[in-house]
Protein chains: 2
Amino acid sequence: MLNNGTMNQDAVITVLQALASPARLDVYRLLVRTGPEGMVAGEIAQALGLPPTNLSFHLKALAQAGLLTACAEGRYQRYRAHIPSMLELIGYLTEECCAGHPEQCLSTPSGNACLDAALGRNELPPE
Amino acid sequence: MLNNGTMNQDAVITVLQALASPARLDVYRLLVRTGPEGMVAGEIAQALGLPPTNLSFHLKALAQAGLLTACAEGRYQRYRAHIPSMLELIGYLTEECCAGHPEQCLSTPSGNACLDAALGRNELPPE
DNA sequence: TCAACAATTCAAGAGTTATTAAAGCGTTGG
DNA sequence: CCAACGCTTTAATAACTCTTGAATTGTTGA
């Protein structure tokens with residue numbers, strides 16, 4: 001997960017499951033905001049109001065997914081967001097859009113209401 | 001979910017939970033590849049080898065999350081990927097990176113092995 | 001050395017999610 | 001009109017995930 005190759009489906013599912021919990025999404029975004037400085041576990045627990053036991057559980061899931069790195073500092077553990085994993089996830093989720101013709105996703109209204117909805121177009125002009 | 005405002009956390013969690021299942025991730029990516037044409041439920045079931053009952057369950061989760069649109073065609077249901085939801089998800093996951101200084105994510109090696117790992121750098125040159 | 005501290009692991013109970021078969025609903029073609 | 005079709009809903013079970021308190025590991029400072 002720390003390598004920069006293409007993620008396989010199992011790895012992507014692990015990442016998505018890691019992010020798909022309110023507590024873990026909060027932890028991850030907090031660390032994204034903090035950037036290279038990161039935070040130690042106790043600071044995260046205090047910032048989010050999570051019991052340490054529960055936070056540990058969630059940190060483990062995020063780290064195993066490759067979304068965080070953990071770094072010992074004496075008796076503290078510093079955690080940081082691992083940005084390349086997020087970039088790989090995004091690549092996996094968007095690759096082969098429209099079979100390699102992504103311009104189709106943003107073309108002009110089709111006259112088909114369902115199709116336009118799928119493409120995020122308004123049927124009626126916004127008021 | 002079909003509006004183009006910013007997603008709130010609940011909506012993002014729903015989207016991530018929808019994607020965090022192998023069957024649903026397969027369905028979603030299949031429809032991303034198919035683009036505006038989309039596929040009817042039976043085609044999806046055949047392509048992925050899923051029983052119709054089970055596919056319906058997963059399609060419902062994806063559609064409720066806003067990742068797919070459903071469109072009746074006689075007795076068929078055509079599904080299409082709803083790309084704007086994915087773009088909003090990506091925005092939510094990456095916003096405020098490094099507290100608004102994303103250049104920090106790609107700066108030069110720090111001399112701190114843990115930090116460099118978090119930034120996706122190699123400690124040793126590749127062979 | 002030992003008590004306080006930071007964090008994790010373990011174990012148990014509650015709550016969710018996935019899968020399947022059976023039943024239901026609307027559409028089509030004879 | 002009605003049987004076949006495409007798909008969804010329901011209900012039940014099995015499997016997994018979250019949360020908590022108690023026990024554990026390793027670190028620091030007196």
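This structure is a prediction, so every number in the text was calculated from the model and none was measured. Every chain is numbered from 1 and lettered A, B, ... according to where its sequence line falls, protein lines coming before strand lines.
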Trainee: Check for me, please, whether B:M7 and A:L16 land in the same ILVMFWY cluster - side-chain distances under 4.5 Å, paths through other members count.
Mentor: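 Cluster IDs for B:M7 and A:L16 match.
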
Trainee: Apply side-chain contact (heavy atoms from CB on, under 4.5 Å) to the pair B:L25 and A:L93, showing each step before the final yes or no.
Mentor: CA-CA 9 Å; B:L25 188 54; A:L93 291 174; 3.9 Å; yes

Trainee: Using the closest heavy atom to pick a nucleotide of DNA chain D for each, name whichever of A:G74 or A:H58 lands nearer the 5' end.
Mentor: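 Nearer the 5' end of the strand: A:H58.
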
Trainee: Go through DNA chain C in 5' to 3' direction and return only the first and the last nucleotide with some atom under 4.0 Å of chain B's heavy atoms.
Mentor: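 The contact span of chain B on DNA chain C goes from C:dA18 to C:dT28.
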
Trainee: 5' to 3' on DNA chain D, which nucleotides open and close the contacts with chain A (atom under 4.0 Å from a heavy atom)?
Mentor: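 In short, chain A contacts DNA chain D from D:dC18 to D:dT28.
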
Trainee: How is the hydrophobic cluster of B:V40 composed, in terms of its other members, when Ile, Leu, Val, Met, Phe, Trp and Tyr link through side-chain heavy atoms under 4.5 Å apart, directly or indirectly?
Mentor: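 B:V40 clusters with B:Y76.
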
Trainee: Starting at the 5' end of DNA chain D and moving along, which residue's nearest nucleotide shows up first, A:A23 or A:R75?
Mentor: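 This one resolves to A:A23.
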
Trainee: Mapping B:N54 and A:S56 to their closest nucleotides on DNA chain C, which lands nearer the 5' end?
Mentor: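 The residue mapped nearer the 5' terminus is A:S56.
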
Trainee: Can B:F57 be reached from B:L31 by stepping across I, L, V, M, F, W or Y side chains whose heavy atoms are under 4.5 Å apart?
Mentor: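 No: no chain of side-chain contacts under 4.5 Å links B:L31 to B:F57.
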
Trainee: Going by side chain to side chain contact (heavy atoms under 4.5 Å, CB included), name the residues that satisfy it together with A:D10, two or more places apart in sequence or in a different chain.
Mentor: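 For A:D10 the side chain to side chain contact (heavy atoms under 4.5 Å, CB included) partners, ignoring immediate neighbours, are A:N8.
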
Trainee: Just to verify, what does A:P52 make a side chain to side chain contact (heavy atoms under 4.5 Å, CB included) with, not counting sequence neighbours?
Mentor: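 Per chain and number, A:P52 pairs via side chain to side chain contact (heavy atoms under 4.5 Å, CB included) with no residue.
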
Trainee: Tell me the side-chain hydrogen bond (donor to acceptor under 3.5 Å, both in side chains) pairs involving residues 42-55 of chain B, sequence neighbours left out?
Mentor: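 Sorted pair list: B:N54-B:H58.
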
Trainee: Only one of B:L30, B:L55, B:L59 clears side-chain contact (heavy atoms from CB on, under 4.5 Å) with B:Y79; which?
Mentor: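 Going through B:L30, B:L55, B:L59 one by one, the side-chain contact (heavy atoms from CB on, under 4.5 Å) with B:Y79 is satisfied by B:L59 alone.
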
Trainee: Describe the nucleic acid contact of A:R24 in one word from base, sugar-phosphate, nothing, applying a heavy-atom distance below 4.0 Å.
Mentor: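 The residue A:R24 makes sugar-phosphate contact but no base contact.
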
Trainee: Examine A:R29 relative to B:Y92 and say whether NZ or CZ is less than 6.0 Å from the centre of the six-membered ring and inside a 45° cone about the ring axis.
Mentor: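 Pair A:R29/B:Y92 counts as cation-pi.
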
Trainee: Report the C-alpha distance between B:T94 and A:I90 in whole Å, list the side-chain angles of each, state the deciding distance to 0.1 Å, and finish with yes or no for side-chain contact (heavy atoms from CB on, under 4.5 Å).
Mentor: CA-CA 10 Å; B:T94 57; A:I90 292 170; 3.8 Å; yes

Trainee: Which parts of residues 38-53 of chain B get close to DNA chain D, meaning a heavy atom less than 4.0 angstrom away?
Mentor: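 Per residue number, the list reads B:V40, B:A41, B:G42, B:P52, B:T53.
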
